[in-house]
There are 2 protein chains.
Amino acid sequence: MATVNSSLVAHLPLFAGLGSEDLAEVLREARSTRYPKNSAVFEQGADATSFFLLLHGHVRASKTTPTGEQIVVRYVGPGEIFGVAPAIGLQHYPATATAVDDSVVLAWPSAAWPRLVARFPQLAANTLQTVGNRLQETHTRVIEMSTQQVEQRIAHALLRLAKQSGRKLEHGVEIDFPISRQDIAQMTGTTLHTVSRILSGWEQAGLVEGGRQRIVLREPHKIFLLAEQAAGDNGSS
Amino acid sequence: MATVNSSLVAHLPLFAGLGSEDLAEVLREARSTRYPKNSAVFEQGADATSFFLLLHGHVRASKTTPTGEQIVVRYVGPGEIFGVAPAIGLQHYPATATAVDDSVVLAWPSAAWPRLVARFPQLAANTLQTVGNRLQETHTRVIEMSTQQVEQRIAHALLRLAKQSGRKLEHGVEIDFPISRQDIAQMTGTTLHTVSRILSGWEQAGLVEGGRQRIVLREPHKIFLLAEQAAGDNGSS
DNA sequence: GCAGAAGTTTGACCGGGCACAACGATTGCC
DNA sequence: GGCAATCGTTGTGCCCGGTCAAACTTCTGC
């Protein structure tokens with residue numbers, strides 16, 4: 001573990017409103033750890049011993065139901081907090097966090113949370129904003145699942161991933177971490193099979209370019225139009 | 001508007017950890033208002049001028065999509081906060097709040113939030129817990145919509161409503177505010193027609209007892225079994 | 001008490017997407 | 001470099017649940 005360079009994280013929303021002295025004090029309680037690709041940061045149901053800030057890489061948060069189905073809750077990008085169970089009063093992590101790329105995280109012990117909040121109330125307010133935003137996003141997802149066709153949900157999911165973690169290429173935008181059709185199915189509430197079919201269709205139409213655990217959006221704008229199309233509307237008016 | 005009796009709200013999660021002096025100071029900034037049945041507390045998209053605590057009655061939070069579909073985000077019961085947009089940094093309410101029964105709410109002006117949080121950091125921590133719990137609930141809802149059949153989703157929704165706002169009768173539990181099939185459809189991501197069909201089936205089996213905007217769960221345990229059944233499992237093993 | 005509105009029920013139809021299944025492609029391991 | 005495991009593609013049949021349509025029931029206001 002090394003001391004984290006304050007300047008790298010000072011601009012993050014989590015630390016908004018904190019002075020550099022304060023920030024240093026907060027960082028002093030954290031340890032950074034490296035998680036290799038495909039390793040678990042924590043498992044669903046385990047004691048919530050820490051909360052985290054992702055410095056580098058990508059982490060997938062997923063939940064498994066009692067009957068064995070899995071769904072992807074979200075992909076966490078650099079600069080985002082995750083595993084905030086301690087802050088919202090949970091004893092156990094409600095989901096599993098897996099590094100999908102080699103990743104580096106900062107971890108604070110759970111016991112530090114009450115102390116930090118007492119000393120720097122801004123931390124609670126900032127975390128509240130983040131959690132509130134995620135609640136909004138999740139509501140959006142519920143709405144999509146209630147009212148949209150599978151094709152539109154996949155379009156939305158890809159656009160969100162591209163926006164959050166897209167890498168610009170000469171001929172499109174690439175999702176810059178490994179993601180399988182199965183993962184997309186678990187994000188959009190459908191099956192691997194349907195995702196595969198739809199992406200194949202899009203590939204033939206030149207909208208995307210696929211590959212194993214790899215997706216490039218060649219025509220983001222056309223995908224956006226697909227996403228906004230009302231169900232049953234074929235767009236040719 | 002009258003001064004609120006502190007003892008009535010002192011036990012609420014929102015005020016956990018506050019002394020009675022503190023509580024009085026917080027309450028001094030709020031005004032209570034009565035909203036008759038079917039009136040709107042605020043509309044989706046409107047300026048977020050206040051945040052609220054429900055003292056009495058029931059409020060439905062719903063969202064309308066650009067294409068006109070509506071979904072019910074949640075039902076708010078007495079003692080719960082709602083319309084917390086100001087606390088999570090939103091300028092506008094992301095949903096519409098409608099009193100489904102004659103209701104009484106406490107409202108704080110948005111501008112009071114930063115001041116209150118600075119003075120009583122516990123408020124932010126408490127709100128964070130509430131919002132975090134709602135995020136968990138919403139994730140659960142996403143999982144249900146991804147993995148369960150309509151019948152099971154309706155069963156879960158009714159059980160949740162009964163738990164949150166059930167009134168015990170001699171022969172079952174009644175949801176103690178007016179709720180239509182349409183509302184249930186909008187909570188579970190299905191159509192009014194399907195809800196009606198399923199409830200009719202349950203009524204014939206003696207599981208529930210219906211009526212206009214009224215539902216009594218006569219056999220909560222059997223409904224629970226339905227809810228937990230895996231898709232395709234007919235329960236007769 | 002009556003008219004209109006709002007909410008509910010039921011039937012017929014049918015299409016999207018899931019289950020099942022088999023094959024093809026890529027990767028990592030030894 | 002060969003092999004096994006994983007990941008992805010594609011085809012077929014079927015059923016859940018959505019759409020369309022229409023009648024019925026319960027409430028509300030005059």
Side-chain angles (χ1 to χ4, degrees), chain A residues 36-38 67-72 98 100 144-155 175 177-186 188-205 208-216 226 229-234, chain B residues 36-38 60 67-72 98 100-101 144-155 157 175 177-205 208-216 226 229-234:
Chain A
K37 181 172 172 176
N38 292 328
T67 52
E69 294 100 345
Q70 287 200 342
I71 71 132
V72 172
T98 311
V100 294
E144 285 179 9
M145 299 201 50
S146 296
T147 62
Q148 299 186 336
Q149 305 287 90
V150 170
E151 187 167 23
Q152 289 154 29
R153 302 210 299 266
I154 294 175
I175 314 282
F177 54 85
I179 183 167
S180 71
R181 317 289 150 137
Q182 177 73 31
D183 292 325
I184 296 174
Q186 289 175 355
T188 52
T190 182
T191 59
L192 152 68
H193 310 268
T194 302
V195 173
S196 185
R197 258 180 260 273
I198 287 176
L199 289 188
S200 294
W202 288 358
E203 187 147 16
Q204 292 209 329
V208 302
E209 196 177 297
R212 188 192 177 75
Q213 313 231 85
R214 187 171 158 281
I215 299 174
V216 180
L226 264 180
Q229 238 169 62
D233 179 356
N234 63 9
Chain B
K37 182 173 170 173
N38 291 327
R60 177 185 59 223
T67 53
E69 293 100 346
Q70 287 200 342
I71 70 131
V72 172
T98 310
V100 293
D101 251 350
E144 286 180 7
M145 299 201 50
S146 296
T147 63
Q148 300 186 335
Q149 306 286 88
V150 170
E151 188 167 22
Q152 289 153 29
R153 303 208 301 266
I154 293 176
I175 313 282
F177 55 84
I179 183 167
S180 72
R181 319 287 169 189
Q182 175 77 343
D183 293 324
I184 296 173
Q186 288 175 355
M187 296 180 70
T188 53
T190 180
T191 61
L192 151 68
H193 308 271
T194 301
V195 173
S196 183
R197 261 180 261 272
I198 288 175
L199 289 188
S200 294
W202 288 357
E203 187 147 15
Q204 291 209 329
V208 302
E209 195 178 296
R212 189 193 176 78
Q213 312 225 86
R214 187 169 158 281
I215 298 174
V216 180
L226 263 180
Q229 236 168 65
D233 179 355
N234 64 8

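Lettering of chains follows the sequences in order, A, B, ..., and the numbering in each one begins at 1.
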With [X], which residues qualify under side-chain hydrogen bond (donor to acceptor under 3.5 Å, both in side chains), at least two apart?
X      : value
A:R181 : none
A:E69  : A:T65, A:T67
A:T98  : none
B:T194 : B:T191

Set out, line by line, the N/O atom pairs under 3.5 Å between protein and nucleotides 10-13 of chain C.
unit_1	atom_1	unit_2	atom_2	d
C:dT10	OP2	B:S200	OG	2.8
C:dT10	O4	B:H193	ND1	3.2
C:dG11	N7	B:R197	NH1	3.0
C:dG11	O6	B:R197	NH2	3.3

Please test A:V150 against A:T188 for side-chain contact (heavy atoms from CB on, under 4.5 Å), starting from the C-alpha separation and ending with a verdict.
CA-CA 7 Å; A:V150 170; A:T188 52; 5.6 Å; no
B:I184 vs B:I154, side-chain contact (heavy atoms from CB on, under 4.5 Å): CA-CA, chis, key distance, verdict:
CA-CA 7 Å; B:I184 296 173; B:I154 293 176; 4.3 Å; yes
Would you grab the first and last nucleotide of DNA chain D (5' to 3') that comes under 4.0 Å of any non-hydrogen atom in chain A?
D:dT6 to D:dT12
Distance check needed: [N] [atom2] versus [X] [atom1], whole Å only.
X      : N      : atom1 : atom2 : value
B:R214 : C:dT9  : CZ    : P     : 13 Å
B:R181 : C:dT9  : CZ    : C1'   : 9 Å
A:E151 : C:dG15 : CD    : P     : 17 Å

Quick one: is B:S180 getting a side-chain N or O under 4.0 Å of the C:dG7 phosphate, OP1 or OP2?
no
Under the side-chain contact (heavy atoms from CB on, under 4.5 Å) rule, collect the residues that match up with B:R214, sequence neighbours excluded.
B:E174, B:E209, B:V216
Could you pull out all residues at least two apart from A:E144 that satisfy side-chain contact (heavy atoms from CB on, under 4.5 Å)?
A:T140, A:Q148, A:R153, A:H156, A:R160
From [X] [atom1] over to [Y] [atom2], what is the distance, rounded to the nearest 0.5 angstrom?
X      : Y      : atom1 : atom2 : value
A:I179 : A:I215 : CD1   : CD1   : 6.0 Å
A:S180 : A:Q186 : OG    : CD    : 7.5 Å
A:Q182 : A:Q213 : CD    : CD    : 11.0 Å

Apply side-chain contact (heavy atoms from CB on, under 4.5 Å) to the pair B:T190 and B:I198, showing each step before the final yes or no.
CA-CA 11 Å; B:T190 180; B:I198 288 175; over 6 Å; no
So how far off straight is the helix from C:dG1-D:dC30 to C:dC30-D:dG1, going by the axes through five pairs at either end, to 10°?
50°
Letter per nucleotide, 5' to 3', of nucleotides 24-30 of chain C [B base touched, S only sugar-phosphate touched, - untouched; heavy atoms, 4.0 Å]
--BS---
Which residues share a salt bridge (charged side-chain N to carboxylate O under 4.0 Å, His left out) with A:D183, sequence neighbours left out
A:R60
